[in-house]
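Read through the structure below, which is laid out as C-alpha cells, and then see the notes.
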Amino acid sequence: MKRFSFPKSRRLVTNRQFEAVLARKLRVSDGLLTLYMAENDCGYPRLGVSVAKSCGNAVVRNRLKRLLRESFRQSRDEIPAGFDYLLMVSQQWTKKVEQSAGLGKDVKRLTYERVRSSFLALVDTAAKKGAANGG
RNA sequence: AGAGCGGGUCGGACGGUCGCUCCCGCACUUAUUUUAAGGUGUACUAAAGUGAGCUAAAGUUAAAAGUGAGCUAAAGUGAAAAAAUAAUCCACAACUUUAGGCACUUCAAACUUUAGGCACUUUAAUAGGUGCGGGUGAGGAAAGUCCGAGCAGGACAGGGCACGGUGGUGGUUAACGGCCACCCGGGGCAACCCGCGGGAAAGUGCCGCAGAAAACACACAGCCGAUGACCGCUAUAUACGGAACAGGCAAAGGUGAAAAGGUGCGGUAAGAGCGCACCGCAAAGCUGGUGACAGUUUUGGCAGGGCAAACCCCACCGCCUGCAAGACCAAGAAGCUGGUGCCCGGCCCGGGCGUUACCGGCGGGUAGGUCGCUUCCCGAUUCAUCGGGAGAGCUAAUCGGCAACGGUUAGUCAAGUUAAAUGGCCGUCGUCCCGUCAUAAUCGGCGGGAUACAGAACUCGGCUUAUAGGCCCGCUCUUUUA
C-alpha cells in the first residue's frame, strides 16, 4: 500500500456508516471545521465528508470537499488508525462568512494549509477527549 | 478616427509532484460457481451381477469321433419343447460342463458395472483486493427545469365530452410555445430593434380614483330662447325691451387611458356631417400576392368605448406519470378491514382481465446490489484489434434554397459518477488594470492586483437567465484626409 493513496475502502460510503459515527457522539469543532470520531475494526482510518447546501453552490461545495479530503489524505501518518472520521464545515464559519462578504471569495482564499492544521488540531483534542471518556 | 447596430467564436497555456473515476493488459492473491468441463481417491449409499470352499451327477483323457443322464429354472427356434426330430447355441483335461443344494465355514471381506454423494485437484468463468504499465475524464451555459421529443410503466394507448395549451401569414422540423422569411402596428437620422399580433357586430360579466355622466346618454356648469306662453313699455300689437316657463343645442369648459371622427369654410336664434373640401372610417367592386395584406375606384355622412392576461367563441394541438420511470436479485414483514366484480381514474362510449381469486384502504417491513447507463447491433479475431449495419449523433467540404433547413460525400464515436470522480501543492508564461523608471513617443524594465459565471446525474432539440476578459465578420451615422 502506497503512502498517500485514498481508495474507496478508506471512505465512509453507506448511510449506516455515517449514522454509526454520529451515534458515538464524540464531537469537537473550532471556528472552521466540525469533527466526529468513532472507533472501527478495520485497523486503518476512514473518512466521511459532509458539506451542507448552506455552504454555497455546487462549485463551492466541491472545493470544500476536496480540501477536506486532501487534508485527510496527506495526514494519514499523523492521526491514530482504527478510527472513522466524519468531517464537516462548521456552522460558525458559514455564518461568519455569510455576514462578512461573498461566500465564493472566502472559499477561494481558504487554503489547504489552513484546513489541514485545523484538522490535525481537532484530531488531537478529540483523541484526548475520547480517551478520557473511555477510560 | 469617433459613436453605434447585428452575428459568430474563445472562455487561460505548459511543466513537476502527490492523488481520484472508469476502461484495457500482465502478475500475485482471496472467494464463488460442479444447472462449466476433466482427473484422482473413497469401507459414503443404492441397485444389479460375479463370487471361493462344499455336495452331487455326467463326460472326456491328443484331435477327431463322441457324450451331455437326473432334478429345477430361463432364453432362442418353432404351431407346439408336456415335440429335443431337424437346425441352432454352449461346454469338455495339471480336469471340464451342466444343474442343484446348503447357509456349515469365510462373509456387507474381495471384484466388476451403473447411478449418485463426499474430498482433493487441474483448467475455465465470474467477482473482489493489491502492484506495475497504458488509456480516459465537465460546460457554453453542465444551471433554471420553462417548452418539444425519444425511452419506460400504466393490458391496448382507441373515440367523444370535460380540462389544458397555442394564436398575423407562409415555410422549416422527429417535434415545438423554437427558428427563418414576409405582413401589420410602434420606436430610431440610419444599420436595426420591440410587439401573449384571432374574435368585443353570438352571449354573460367587470370598469377603482377623478368626473355631471363609464354605456338604453335621462347633460353638471353652460349657450340660445328663432317659435309658443309670461312681464314691461306703448296704442289693445305681430314692433322694442326683460326674464328664462315651455322648448332647442352639444360648439367652447373642466375630469379621465377612454366622453357620439379631425381641420377649415359655409350655415344657424344657438348649434349640429346640416352642407362642402381634404384626411380618417365602413361597405362593395377591380388589380397584385400561395397568403397575412397592399394599391385603387365607387358609394355611404359615419357605423360606434375599453378589458378576451374575465368567462366565452373560432381554428389547431394534447391520454397520464416520470430514470426516485422500469426490470431483476438479496433481505425483511403482521396483519386488519372493505368489495364481489375489478381495471384503463375527471366522465361516457368502447375495450381488457378474472370467476375465489383478485382489487381498494389502513397498518407493518425493506430502502442494499445489478441492469437501465452511455453510442447500439452483428460477425471475425492476431485481442488497447478489424469489418459491416443502425443512429433526429458530431465535424468538415460541396450542391439546392433569400433563409431556417435539406441532400450527397468524407472523417469521427468523445465523462459515466452514485455520501456522488474530473482534484491538491509548487513553478514558468499569457491576458487586463494600477503605480513607478526610462524614452520625443511607442515598444520595454520593476512592483502590486485581477483572471468571470459556474459542476455532468437517462439521452437529445430549443428557450431563458448568469458571465472577468478577449478575438473575428458584416453593416449604419458623423467628421477628417486622399
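Since the structure is predicted, the reported quantities are computational estimates derived from the model, not experimental observations. Lettering follows sequence order; numbering is per chain, from 1.
In this structure the side chain of A/Leu68 never reaches within 4.5 angstrom of the side chain of A/Phe72, judged on heavy atoms. Using a 4.5 Å cut-off on side-chain heavy atoms (C-beta onward), A/Arg63 and A/Val59 make no contact.
Between B/C475 and B/G185, the distance separating the two C1' atoms is 26 Å to the nearest Å. Only the C1' atoms considered, B/U465 is 7 Å distant from B/G144, to the nearest whole Å. Between the C1' atoms of B/C206 and B/A214, the separation comes to 12 Å (whole Å). Atom C1' of B/G291 sits at a distance of 34 Å from the matching atom of B/G160, rounded to the whole Å. B/U381 and B/C386 are spaced 8 Å apart, taking the C1' atom of each and rounding to whole Å. Of the C1' atoms belonging to B/G177 and B/G148, the separation is 9 Å, rounded to the nearest Å. On the C1' atoms, B/C446 is 12 Å away from B/A438, given to the nearest whole Å. Comparing the same atom, P, in B/C359 and in B/G354 gives a spacing of 12 Å after rounding to whole Å.
Residues A/Val49 and A/Ala58 both approach RNA chain B. Their nearest nucleotides, taken by heavy-atom distance, put A/Val49 toward the 5′ side. Projected onto RNA chain B by closest heavy-atom contact, A/Val59 and A/Glu70 fall at different nucleotides, the more 5' of which corresponds to A/Glu70.
Atoms CD (A/Gln74) and C1' (B/U17) sit 10 Å apart, rounded to a whole Å. The interatomic distance linking A/Arg73 (CZ) with B/G424 (P) rounds to 11 Å, in whole Å. One atom, CG of A/Leu87, and another, P of B/G424, lie 17 Å apart when rounded to the nearest Å. A/Arg66 places its CZ atom 12 Å from the P atom of B/G455, with the value rounded to the nearest Å. With rounding to whole Å, A/Leu68 atom CG is found 18 Å from B/C20 atom P. For the pair A/Asn62 CG and B/A143 P, the interatomic distance rounds to 14 Å; values are reported in whole Å. Whole-Å rounding puts the A/Phe72 CZ to B/C20 P distance at 13 Å.
A/Arg61 has no side-chain polar atom (N or O) that falls below the 4.0 Å cut-off from OP1 or OP2 of B/A419. The phosphate of B/G424 (OP1 or OP2) has a side-chain N or O of A/Arg63 nearer than 4.0 angstrom.
Under the Watson-Crick or G-U wobble criterion, with both distances below 3.5 Å, B/A309 is left unpaired in every strand shown. Using N1 to N3 plus N6-O4 or O6-N4 for Watson-Crick, or N1-O2 and O6-N3 for G-U wobble, each under 3.5 Å, B/A212 pairs with nothing. Nucleotide B/C156 forms no Watson-Crick or G-U wobble pair with any nucleotide shown, as no partner meets the under 3.5 Å limit on both distances. Remark: B/G139 base-pairs with B/C453. Criterion, Watson-Crick or G-U wobble with two distances under 3.5 Å. For B/U121, the paired base is B/G38 (Watson-Crick or G-U wobble, both distances below 3.5 Å). Pair check for B/G275 finds B/C265; Watson-Crick or G-U wobble, both atom distances under 3.5 Å. Nucleotide B/A73 forms no Watson-Crick or G-U wobble pair with any nucleotide shown, as no partner meets the under 3.5 Å limit on both distances. Using Watson-Crick or G-U wobble geometry with both donor-acceptor distances under 3.5 Å, B/C323 finds no partner in any strand shown.
Nucleotide B/A138 is shown with a syn base, its glycosidic torsion being within 90° of 0. Syn is the glycosidic conformation of B/G140, whose angle stays within 90° of 0.
Every residue meeting the salt bridge (charged side-chain N to carboxylate O under 4.0 Å, His left out) condition with A/Arg116, not counting sequence neighbours, appears here in chain and number order: A/Glu78. Residues passing the side-chain contact (heavy atoms from CB on, under 4.5 Å) test with A/Ser117: none are found, sequence neighbours excluded. Shown here are the salt bridge (charged side-chain N to carboxylate O under 4.0 Å, His left out) partners of A/Asp30, two or more places apart in sequence or in another chain: there are none. For A/Tyr85, there are no ring pair (Phe, Tyr, Trp, His ring centres under 6.0 Å) partners two or more places apart in sequence or in a different chain.
To the nearest 0.5 Å, the span separating CG on A/Leu67 from CG on A/Leu87 amounts to 11.5 Å. Remark: A/Asp84 CG to A/Leu26 CG distance equals 11.5 Å, nearest 0.5 Å. Taken from CG in A/Leu86 to CG in A/Leu47, the straight-line distance is 8.0 Å, to the nearest 0.5 Å. Note that the CZ atom of A/Arg66 and the OG atom of A/Ser71 stand 14.0 Å from one another [nearest 0.5 Å].
The side chain of A/Leu67 lies closest to B/G424, out of B/G424, B/A419, B/G19.
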Can you tabulate the close N/O pairs, meaning under 3.5 Å, that link protein atoms to atoms of nucleotides 467-469 of chain B?
none

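Between the side chain of A/Arg69 and the base of B/C20 there is no donor-acceptor pair of N/O atoms closer than 3.5 Å.
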